[in-house]
2 protein chains.
Amino acid sequence: MKNTNENVNQKVKLDDVANEAGVSKTTVSRVLNNRGYISEKTRKKVHEAMELLNYHPNEIARSLFINKTFIIGLIFPTTNNPFYGQLIFHLENISEALGYKVLLCNSEGREDKEKSYLEMLQRHQVDGIIAGSHNRGILEYDNPQLPLVGIDRYLSENTPVVSSDNYDGGKKATQLLIDKGCKKIIHINGSPSLETPANLRREAYEDVMKENQCYPQSYVIGENVIETIFNENPNIDGIFASDDLIASSVMKEAKRRNINIPADLKVIGYDGSEITRMLLPELSTIQQPVKEIADLAVQLLLKQINGETESKIEWKLPVKLIESETT
Amino acid sequence: MKNTNENVNQKVKLDDVANEAGVSKTTVSRVLNNRGYISEKTRKKVHEAMELLNYHPNEIARSLFINKTFIIGLIFPTTNNPFYGQLIFHLENISEALGYKVLLCNSEGREDKEKSYLEMLQRHQVDGIIAGSHNRGILEYDNPQLPLVGIDRYLSENTPVVSSDNYDGGKKATQLLIDKGCKKIIHINGSPSLETPANLRREAYEDVMKENQCYPQSYVIGENVIETIFNENPNIDGIFASDDLIASSVMKEAKRRNINIPADLKVIGYDGSEITRMLLPELSTIQQPVKEIADLAVQLLLKQINGETESKIEWKLPVKLIESETT
DNA sequence: GACAACATGTCAACCGGTTGACATGTTTAA
DNA sequence: TTAAACATGTCAACCGGTTGACATGTTGTC
């Protein structure tokens, strides 16, 4: 009953609070969870005791019982990238506002890491996962009965995918280069073996090129690819890179070769994240609505978590063409 | 005893595995934790049962009992920043390699968010926290009996702080500008009210300036500050920005005013993160050893977690001057 | 042949909350 | 006056693992 405080050495638990406040364990729990009848006087007493003892309810114990952790797992290649950095920032932000915490997993695009993260997240009883990484199939195979949302990645037949309107983005980018008078336009993208809606950027590129009687030609990003492109295509006058980092490498190489942008070569990227806009404002790009993507992804995940159904699988959000100095 | 599989609807638990394998709960636990005597035959049986049922041990239950979660909390302003993005990537990476998971908290530099995150992390029974955000005092006040490490931030008297050698970095940067013949050098930094070792960058700047009979003048970053600097100092010929993003804004403004860099104005930044180097390679900067900082921070945290003592409080890692086109 | 080491089982307490059932007493409203 | 609503307590089961104590039986070895 008495305040036997004086630097508690062990963790304070609910029992201790009950003793301090002179009430029962059940009453404290009632105060904590706002259930049943509680008088203001008792509520105050309990809160004071909690304050005095510096009590922090053990979420682990709570989670175990209620069978819910309020944790969401995020699996993405890396935070060390302007687009993902911004996306993850918003995902965390929105989740936090809705009472969820976030376990961060940097898969580095490696299948083995992704697999072990998935396993780890299941052991940790996360309430759901948002992933934007690697191959279809892995998650499908393990078939966790877990709420799941993909960002720019197909995870399985029935998991919702949120992405920007990649086809429209690819169309806008290609069309701009053509409108600016480019004749020999090349597209550079990531590995097309990944099953991602981002491949639509290339599809749109090819369609628009053909519509304009141009021959589409794509390169997959990799070691020395950009040099190769310049070497193999001396008459190149337009490049559509499927992300801004690639575009920046293109610009660097062009500079090295004294190719003037935009006079001799026009370049457009994709993503338009805040950091890229800040550090490389001269680059024209297709901007993804990152915050909206994050918003929708969390919303769809929470729907699943709460058992609501939603039949729409593919969600596309509008992109914005940002024209700058490279076109 | 029999495989009563056929799509398990509820969560598989240890009991189910025991039944499937035809052994006792204790034996399964022994296999799982590698304790006591277990024959190869039994071990195999148990593993097969786990596979068959697609069993994932409930870490929550385990954590509750062993009183350890293997989770580390990370409190940083944002992942949407080249430096923090890279730092957080490495922190997660290293933690993962050592068997720890990471709860991500974007404080946005807000005191209230930081406070509520701290509270949340304690409820979730994290094993420790690495923070690189905001004011001293908050964490100290709450005085959590929690392993704690700061990165570039003093958190309390006795919490270790890891940072780059800020004084040396500031010295190198300023000296470079002076060596290049700058006479009127201005420093731009973040709020000096934050108690962070990063303030040493400015101290070094001031010391070097005085040593060279120059008058040191610092501005705090904020709305329109850069314009103000140019307006108030028409004869300015050198700027040392305390991070690369600020430096990039300086470059942008200089371009707008047709001030030629480096001919009329030399600029040097601080951080040298991968993304900045990639997008803005022409910027001279002081590069922090991000991976080494992350490495050391995790190491120091684990030491605390494991009850080992370490009396050294301030850790400084060497920086590297990267000279490029802006100086 | 005996004793140590190996192999496994049963049982129950425990980690720190949550919850339902039930009891008792006090207010409040009709 | 009396029933409903309010306020709190006790008790025990439960969430899903872990662990120690103790029992029993099998091998291996000197």
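Below, chain A is the first sequence line, B the second, and so on; all start at residue 1.
- Protein atom CG of A:Leu64 is 7 Å distant from nucleotide atom P of D:dG16, rounded to whole Å.
- Listed by first and then second residue, the salt bridge (Lys or Arg N to Asp or Glu O under 4.0 Å) pairs involving residues 91-107 of chain A amount to none (not counting sequence neighbours).
- Screening residues 68-79 of chain B for salt bridge (Lys or Arg N to Asp or Glu O under 4.0 Å) gives B:Lys68-B:Asp127 as the qualifying pairs, with residues at least two apart or on separate chains.
- Side-chain contact annotation: A:Lys25 with A:Asn19, donor-acceptor N/O pair under 3.5 Å absent.
- Between A:Ser29 and C:dT18 there is a side-chain polar atom (N or O) within less than 4.0 angstrom of OP1 or OP2.
- For A:Tyr37, whose side chain is taken as the heavy atoms from C-beta onward, the closest listed nucleotide among D:dG16, D:dA5, C:dT8 is D:dA5.
- Atom P of nucleotide C:dG17 and atom CG of A:Leu14 are separated by 5 Å, given to the nearest angstrom.
- Listed by chain and residue number, A:Asn33 satisfy the side chain to side chain donor-acceptor pair (under 3.5 Å) test with A:Ser29 (two or more places apart in sequence, or in another chain).
- Atom-to-atom, CG of A:Asn58 to C1' of C:dT18 comes out at 13 Å; the value is rounded to the nearest Å.
- Computed from coordinates, the A:Ile66 CD1 to C:dT19 P distance equals 7 Å when rounded to whole Å.
- Atoms CG (A:Asn67) and C1' (C:dT19) sit 15 Å apart, rounded to a whole Å.
- Around NZ of B:Lys41, the count of heavy atoms belonging to other residues, nucleotides or ligands within 6.0 Å does not exceed 12.
- Among C:dG9, D:dG17, C:dT19, the nucleotide with an atom closest to any side-chain atom of B:Thr27 is C:dG9.
- With the nearest nucleotide of DNA chain D identified for both A:Ser24 and B:Tyr55, A:Ser24 has the one nearer the 5' end.
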Report, one pair per line, the protein and nucleotides 20-22 of chain C atoms (nitrogen or oxygen only) whose separation is under 3.5 Å.
from: C:dG20; atom 1: OP2; to: A:Arg35; atom 2: NH2; distance (Å): 3.4

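- Counting to the nearest Å, the P atom of D:dG16 and the CG atom of B:Asp16 are 10 Å from each other.
- Nucleic acid contact class of A:Asp15 (heavy atoms, under 4.0 Å, all strands): none.
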Please list every donor-acceptor pair under 3.5 Å in which a side-chain atom of residues 43-53 of chain B meets a protein atom from a residue at least two apart or in another chain.
from: B:Arg43; atom 1: NE; to: B:Glu40; atom 2: OE2; distance (Å): 3.3
from: B:Arg43; atom 1: NH1; to: B:Asn34; atom 2: OD1; distance (Å): 3.1
from: B:His47; atom 1: ND1; to: B:Arg43; atom 2: O; distance (Å): 3.2

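- Remark: C1' of C:dC15 and CD of A:Glu59 are 15 Å apart, rounded to the nearest angstrom.
- Straight-line distance from the CD1 atom of B:Ile60 to the P atom of C:dT18: 14 Å, rounded to whole Å.
- Residue B:Ile38 has its side chain nearest to C:dT8 when only C:dT8, D:dT19, D:dC14 are considered.
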Kindly list each side-chain donor-acceptor pair under 3.5 angstrom involving residues 293-303 of chain A, sequence neighbours excluded, with atom names and distances?
from: A:Lys303; atom 1: NZ; to: A:Glu310; atom 2: OE1; distance (Å): 3.1

